[in-house]
Amino acid sequence: MTTRQTRKSRNPAEFPVLGMLASGPAHGYDICRRLQTELGAVWNLGRSQIYALLSRLERDGLVVHERIGQESLPAKNIFTLTSEGHEVFVEWAKTPVQHVRNMRLEFLTKLWFADELKSESEGDLIERQLEVCREKARKLVALKPSCATQIETRSIDFRLTMIEAATSWLEGLSKTTEGGLKRRES
């Protein structure tokens, strides 16, 4: 599988698994436990789903496993992120989501990893997400005069309201992050 294939059309649920491995090798059970305790309020993945994701990630060359024997216990698989898996995760983590509907799961997860792994500045991620939201709002405002029916107008109004709510939340969040604090100090 080529790098291009490994980066396109990934199941979004794979990225929290890759992110957990970005902090170091782990057993599938440990990944499940960490996801449930640390990210469970945002993204809830079942154990069987995580093992299926690990299998797919390994097939695609983004993780590898080593079988480790244990005294008086069955051997266990310890998964490690490959360099390509690390690149795929970092690229995902620093890219803003393109749809407001993905803010609750993907953006919050990216934000959590930015703080947890210090792989990305939270402030930079928030600013990039704000740019995406503002651009989408500009496009919808420009599109509104061309609406031919009431339902089209209401659809755009609804989407604008959602984007404005997300923008307001992001602006508030920006004020509490390191980047926002630095901007206020200068």
Side-chain angles (χ1 to χ4, degrees), residues 1-68 76-136 139 159 162-163 166-167 169-170 173 177 179:
M1 184 165 284
T2 67
T3 300
R4 187 180 180 127
Q5 288 172 318
T6 59
R7 293 175 190 225
K8 293 181 97 179
S9 303
R10 303 247 37 114
N11 178 342
E14 294 173 349
F15 294 105
V17 175
L18 288 173
M20 288 297 168
L21 291 172
S23 61
H27 180 263
Y29 177 80
D30 295 332
I31 295 169
C32 295
R33 187 183 46 76
R34 282 195 65 206
L35 281 171
Q36 287 175 348
T37 58
E38 299 175 35
L39 259 176
V42 175
W43 207 319
N44 196 0
L45 295 170
R47 189 180 307 171
S48 62
Q49 188 179 10
I50 291 170
Y51 281 104
L53 292 169
L54 283 167
S55 178
R56 186 176 321 145
L57 291 167
E58 186 164 34
R59 180 199 67 204
D60 293 348
L62 303 180
V63 302
V64 293
H65 83 268
E66 180 181 0
R67 194 150 180 84
I68 305 291
K76 62 181 179 181
N77 295 331
I78 302 295
F79 292 89
T80 304
L81 208 55
T82 64
S83 60
E84 187 170 357
H86 187 265
E87 287 176 24
V88 168
F89 171 73
V90 169
E91 183 177 315
W92 171 82
K94 69 181 185 183
T95 304
V97 298
Q98 295 302 308
H99 301 285
V100 171
R101 67 177 177 263
N102 295 333
M103 295 281 295
R104 193 189 75 73
L105 279 178
E106 285 197 56
F107 181 76
L108 285 174
T109 301
K110 291 175 185 210
L111 205 54
W112 186 83
F113 278 115
D115 181 54
E116 182 71 13
L117 300 175
K118 310 294 183 220
S119 61
E120 171 71 15
S121 162
E122 284 183 303
D124 291 345
L125 179 60
I126 292 167
E127 287 302 317
R128 285 193 298 275
Q129 191 62 57
L130 273 166
E131 289 172 21
V132 169
C133 289
R134 290 175 180 143
E135 180 60 27
K136 290 204 176 281
K139 286 180 179 177
R159 293 166 60 196
M162 298 301 293
I163 290 172
T167 300
W169 177 74
L170 287 164
L173 192 60
T177 63

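By convention here, the first residue in the shown sequence is residue 1.
- At least one donor-acceptor pair closer than 3.5 Å links the side chain of T82 to the backbone N or O of G61.
- With a 6.0 Å radius and a threshold of 12 heavy atoms from other residues, nucleotides or ligands, E135 has its CD atom above the threshold.
- Between L170 and C133, some side-chain heavy-atom pair lies under the 4.5 Å cut-off.
- Partners of R134 under the side-chain hydrogen bond (donor to acceptor under 3.5 Å, both in side chains) rule, at least two apart in sequence or in another chain, are E171.
- Shown here for G123 and T177, the closest heavy-atom pair between the two residues is CA-OG1, 3.8 Å.
- K136 contributes no side-chain N or O that, together with a main-chain N or O of H99, makes up a donor-acceptor pair within less than 3.5 Å.
- V97 has its side chain out of reach of L105: every pair of non-hydrogen atoms, C-beta onward, lies at least 4.5 Å apart.
- Using the six-membered ring where Trp is involved, H65 and F79 have ring planes that are tilted, between 30° and 60° apart.
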I would like to know whether F113 and F89 meet ring-ring contact (aromatic ring centres under 6.0 Å, His included); could you show each step before the answer?
-> CA-CA 10 Å; F113 278 115; F89 171 73; 5.2 Å; yes

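- A donor-acceptor distance shorter than 3.5 angstrom exists from the side chain of T167 to the backbone of I163, with no hydrogens or angles considered.
- A donor-acceptor distance shorter than 3.5 angstrom exists from the side chain of H27 to the backbone of Y29, with no hydrogens or angles considered.
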Could you give me the CA-CA distance, side-chain angles and deciding distance for L111 and D115, then say whether side-chain contact (heavy atoms from CB on, under 4.5 Å) is met?
-> CA-CA 6 Å; L111 205 54; D115 181 54; over 6 Å; no

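- Within the structure, salt bridge (Lys or Arg N to Asp or Glu O under 4.0 Å) contacts touching residues 37-51 (residues at least two apart or in different chains) are R34-E38.
- A distance of 9.0 Å separates CZ of F15 from OG1 of T95, quoted to the nearest 0.5 Å.
- Across all their heavy atoms, I78 and I68 have their closest contact at CG1-CG1, 3.5 Å.
- With hydrogens and angles ignored, the 3.5 Å screen pairs no side-chain donor or acceptor of D60 with any backbone N or O of L62.
- When all heavy atoms of R10 and V88 are compared, the closest pair comes out as CD-CG1, 4.2 Å.
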